Structures are given as C-alpha cells and as structure tokens.
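For reference, the structure is listed below as structure tokens.
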Amino acid sequence: MTRDELKALIRTVPDFPAPGIHFRDITTLIADGRGLAASIDHMAKLAPPAIAAVAGIEARGFIFGAALAIRLGVGFIPVRKAGKLPVQPIGVDYALEYAEARIEIDPMLVGEGEKILLVDDLIATGGTAMAAAQLLQQAGAVCETALFLVDLPQLGGAERLREAGISSHSLMEFAGH
Ligand code: AMP
C-alpha cells in the first residue's frame, strides 16, 4: 500500500476538539488490517540502525510505537500522561495549543547512552515530541530521531525538532491545522 493510499484511510473530523481544528483521525487507518501493516512497513524503513528501544507517546503513539518495536526486535518504552506510572517517574510540563500537559517516563527503563527512537501518530507544534525527547535525554538516552505517521508542517513541529538536533520523518503531510 502506498503512502497516498494510507493517507486516504485517515478520517478528517472538522472542529474537533475545538473550532478550527481539523482532527486527523488514525482510527480509520488502524481498523484496516492492510493499512495498519503497511504503516509499520513504511515506518520500519525510516528507522535508523542500531536503536536500543522505541519510545511511544500515550495514547496513539503506543499503537504505532509498540508495533514498530516488535518489527525492529527491540523493546518499547511508554511515555505516559501524568499520574499513570506505578513507580517514581521523571516528568516534564509543556504547553499544548489551548492547555498545559505533563508527560512522564520511568527512568529505570532507559540505559545510559542508549539510542532511542521516538514515535507518535502526529506532529503538530512539536511541543509533545520535544517534551518526550527532553525526558528521554534527561534519563540518559540519545534521542536523535522521531517518526510520525502524520506531519502538519504549517505548525512547525518538525522544524522545531530539527533545530533541537532531532531529525523528524513522517509518512504523510496535511496542510493547515
Ligand atoms: P503537538 O504537541 O502540537 O505537536 O501535538 C501533537 C499531539 O497532539 C499528538 O499526540 C497528536 O496525537 C495530537 N494532535 C495535535 N493536533 C492534532 C490533529 N490536528 N489531529 C489529530 N491529533 C492531533
């Protein structure tokens, strides 16, 4: 399945969760078995060599991140929303478009100097991915590459990651918000 065919499986929901936002809904893609498998095929081709683990961002980043980790034969590290981890986590607060959020990881899951690939379904402003990369780096990881299914380039997230030394790759782009 081509990237354009995958793009056609994404459902756009206007004005969700706020007026003016075009929500790019991946549930229609993952409900399609061939679409889900092809997404992971394409992401695996973009993964850098010799990574120690994949880190996925809750919640949709768990779907693609865990499947990709299995494909690459490495472990999976969940980047969780605040208050979910049963151990003492490290966390970071960051700004969303209309709110504040906090994500956390268990630093014990990260080995010093390990190369970790960051995965989420979509990059918009890049705030979430930057926060996740900072946390992984704080835990001792080398986080230099991030993979997304969807990029909204007009929101500048991929550029923001690049400026921080993290190369960003995606399977498709959508214009606007
Ligand atoms: P950001 O931190 O601005 O890059 O936002 C990325 C996070 O918010 C990802 O975890 C996405 O799942 C979600 N997100 C932001 N904008 C959208 C959108 N237009 N459609 C679907 N998900 C979005």
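Any value given below was found using the heavy atoms of this structure, including those in side chains, with hydrogens, waters and symmetry copies removed. Order of appearance sets the numbers: ligands from 1, and atoms from 1 within every ligand. Just so you know, these numbers come straight off a predicted model, no measurement behind them.
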The reported gap from CG in Leu117 to CG in Leu72 (rounded to nearest 0.5 angstrom) is 7.0 Å
Using a 4.5 Å side-chain heavy-atom cut-off and chaining through intermediate ILVMFWY residues, the residues clustered with Phe148 come out as Ile123, Met130, Leu161, Ile166
Which protein N or O atoms sit under 3.5 Å from any N or O of ligand 1? Give each pair with its distance.
unit_1: ligand 1; atom_1: 2 (O); unit_2: Gly127; atom_2: N; d: 3.4
unit_1: ligand 1; atom_1: 2 (O); unit_2: Thr128; atom_2: N; d: 2.9
unit_1: ligand 1; atom_1: 2 (O); unit_2: Thr128; atom_2: OG1; d: 2.6
unit_1: ligand 1; atom_1: 3 (O); unit_2: Thr125; atom_2: N; d: 2.9
unit_1: ligand 1; atom_1: 3 (O); unit_2: Thr125; atom_2: OG1; d: 2.5
unit_1: ligand 1; atom_1: 4 (O); unit_2: Ala124; atom_2: N; d: 2.8
unit_1: ligand 1; atom_1: 4 (O); unit_2: Thr125; atom_2: N; d: 3.1
unit_1: ligand 1; atom_1: 4 (O); unit_2: Gly126; atom_2: N; d: 2.7
unit_1: ligand 1; atom_1: 10 (O); unit_2: Asp120; atom_2: OD2; d: 2.8
unit_1: ligand 1; atom_1: 12 (O); unit_2: Arg60; atom_2: NH2; d: 2.7
unit_1: ligand 1; atom_1: 12 (O); unit_2: Asp121; atom_2: OD1; d: 2.8
unit_1: ligand 1; atom_1: 12 (O); unit_2: Asp121; atom_2: OD2; d: 3.4
unit_1: ligand 1; atom_1: 19 (N); unit_2: His22; atom_2: O; d: 3.0
unit_1: ligand 1; atom_1: 20 (N); unit_2: Arg24; atom_2: N; d: 2.9

Residues pairing under side chain to side chain donor-acceptor pair (under 3.5 Å) where one sits in residues 67-90, two or more places apart or in two chains, turn out to be Asp41-Arg71, Glu58-Arg80
Problem set entry | Basic-acidic side-chain contact under 4.0 Å: Arg160, Glu163 | no
When you check the gap from the basic side-chain N to the acidic O, do Arg3 and Glu5 get nearer than 4.0 Å? no
Joining Ile, Leu, Val, Met, Phe, Trp and Tyr whenever any side-chain heavy atoms lie under 4.5 Å apart, the cluster holding Leu136 also takes in Ile57, Ile77, Val79, Ile90, Val92, Tyr94, Leu96, Ile103, Ile105, Leu109, Val110, Ile116, Leu118, Leu135
